Amino acid sequence: MPLGGAGDVDLETVTVIARAIRESRSLRIDYRRHDGTEVRRTIEPHRIVHTGTRWYVVARDPDRDAWRTLRLDRMTPRLPLGKPFAPREIPDEAVREFTTHSITAAPYRYRYRVRMHAPAAEVAAHFGPSIAAVTALDDETCELTAGTGSPEEFALYIGTTGIDFDVLYGDDLRVTLRDLSARFASAAES
């Protein structure tokens, strides 16, 4: 029985992962990455997260000595469960950061960082946590990090907020902004 939302997740997958978390046991999985590549991994699952549209597991990848956030709809658990592991404490803020990065930037070919000239709360009202990571720099500015399908898409999306910004990372975004600016100026003059 699938759980609803974008990328339906089989209830059995959630049950197996929840059991591995409860028992602090590693889990072998087959996983389809965002580029379609199939991989087999062993993970130490710590927490299941639902973003409102997708299900994820925050897990330690012992082979890479790194935390991962993996989509459940791309995962097939392999039984039996693996060897026990020592659970690690993950602060809620870290879970949010892992999940936000996995949703907003990692799956996209184009990734950008911009300084927004507005308070973080104002910018976050335009870009929810499933769209971009927004980090306050001070009371009047923040940094926005996001991924997108194309530089044009990002330029238009961020440009419609009405908030001034500076490009911190993304030379191709700078070129796109100049091209779009010239195109719009020409159209306004005709």
Side-chain angles (χ1 to χ4, degrees), residues 1-114 120 123-124 127-137 142-149 154 168-170:
M1 167 192 257
L3 297 177
D8 287 343
V9 175
D10 186 77
L11 182 58
E12 183 65 24
T13 297
V14 176
T15 302
V16 169
I17 294 168
R19 180 176 156 219
I21 292 170
R22 185 182 68 245
E23 295 178 12
S24 298
R25 302 208 27 166
S26 62
L27 180 64
R28 289 176 302 118
I29 60 167
D30 291 334
Y31 190 73
R32 184 178 36 82
R33 295 172 17 179
H34 68 275
D35 65 2
T37 305
E38 298 281 339
V39 295
R40 181 162 285 174
R41 289 191 173 156
T42 298
I43 61 170
E44 297 172 348
H46 281 71
R47 185 152 339 151
I48 295 174
V49 178
H50 186 254
T51 64
T53 57
R54 295 206 190 280
W55 292 85
Y56 295 85
V57 61
V58 176
R60 189 83 182 149
D61 183 334
D63 295 334
R64 291 166 183 79
D65 192 28
W67 289 101
R68 298 284 187 242
T69 306
L70 305 164
R71 280 180 41 179
L72 269 59
D73 62 316
R74 295 180 177 169
M75 180 183 300
T76 303
R78 297 292 172 208
L79 293 174
L81 296 179
K83 64 183 179 181
F85 64 88
R88 300 175 189 225
E89 193 63 34
I90 311 173
D92 288 341
E93 185 58 35
V95 171
R96 274 190 291 279
E97 287 175 23
F98 295 150
T99 308
T100 297
H101 174 73
S102 293
I103 296 168
T104 63
Y108 296 97
R109 177 177 175 197
Y110 299 95
R111 297 178 189 118
Y112 301 112
R113 279 188 313 117
V114 296
V123 173
F127 302 92
S130 65
I131 303 297
V134 178
T135 306
L137 297 174
C142 61
E143 185 176 292
L144 180 140
T145 305
T148 185
F154 186 83
L168 300 174
Y169 175 79

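Keep in mind it's a predicted model, so treat the numbers as computed, not measured.
- For the atom pair OH (Tyr56) and CG (Leu70), the distance works out to 10.5 Å, reported to the nearest 0.5 Å.
- Residues Met75 and Val57 meet the side-chain proximity criterion, which asks for heavy atoms closer than 4.5 Å.
- Arg88 pairs by the side-chain hydrogen bond (donor to acceptor under 3.5 Å, both in side chains) definition with nothing, not counting sequence neighbours.
- Applying the salt bridge (Lys or Arg N to Asp or Glu O under 4.0 Å) test to Arg33 and every residue at least two apart in sequence or in another chain returns Asp35.
- In this structure, Arg74 CZ and Glu38 CD are separated by 10.5 Å, a value rounded to the nearest 0.5 Å.
- Closest non-hydrogen pair, Val134 versus Cys142, comes out as CG1-SG, 3.8 Å.
- With sequence neighbours excluded, the residues satisfying salt bridge (Lys or Arg N to Asp or Glu O under 4.0 Å) with Arg40 are Asp30.
- In plain terms, the two heavy atoms of Leu144 and Val123 that are nearest each other are CD1-CG1, 3.7 Å.
- Listed by chain and residue number, nothing satisfies the side-chain hydrogen bond (donor to acceptor under 3.5 Å, both in side chains) test with Asp63 (two or more places apart in sequence, or in another chain).
- Taken to the nearest 0.5 Å, the CD atom of Glu44 stands 9.5 Å off from the OG1 atom of Thr42.
- Here Thr15 pairs with Leu11 under the side chain to side chain contact (heavy atoms under 4.5 Å, CB included) rule; sequence neighbours left out.
- Taking the six-membered ring where tryptophan is involved, the planes of Phe85 and His46 are tilted, since the angle between them lies from 30° to 60°.
- Checking side-chain atoms of Ser24 against main-chain N and O of Pro84 turns up no donor-acceptor pair under 3.5 Å.
- Partners of Arg28 under the side-chain hydrogen bond (donor to acceptor under 3.5 Å, both in side chains) rule, at least two apart in sequence or in another chain, do not exist in this structure.
- Taking CH2 of Trp55 as the start and CD1 of Ile17 as the end, the distance is 10.5 Å to the nearest 0.5 Å.
- The heavy-atom pair separating Ile21 from Pro45 by the smallest distance is CG1-O, 3.5 Å.
- In this structure, Tyr31 has no ring-ring contact (aromatic ring centres under 6.0 Å, His included) partners at least two apart in sequence or on a different chain.
- Every residue two or more places apart in sequence or in another chain that forms a side chain to side chain contact (heavy atoms under 4.5 Å, CB included) with Leu81 is listed here: Val16, Arg19, Ala20, Glu23, Arg25, Leu27, Leu79.
- Contacts of Arg113 classified as side-chain hydrogen bond (donor to acceptor under 3.5 Å, both in side chains), with partners at least two apart in sequence or in another chain: Glu143.
- Arg32 is linked by a salt bridge (Lys or Arg N to Asp or Glu O under 4.0 Å) to nothing, counting only residues two or more places apart in sequence or in another chain.
- When all heavy atoms of Thr13 and Leu72 are compared, the closest pair comes out as CG2-O, 4.2 Å.
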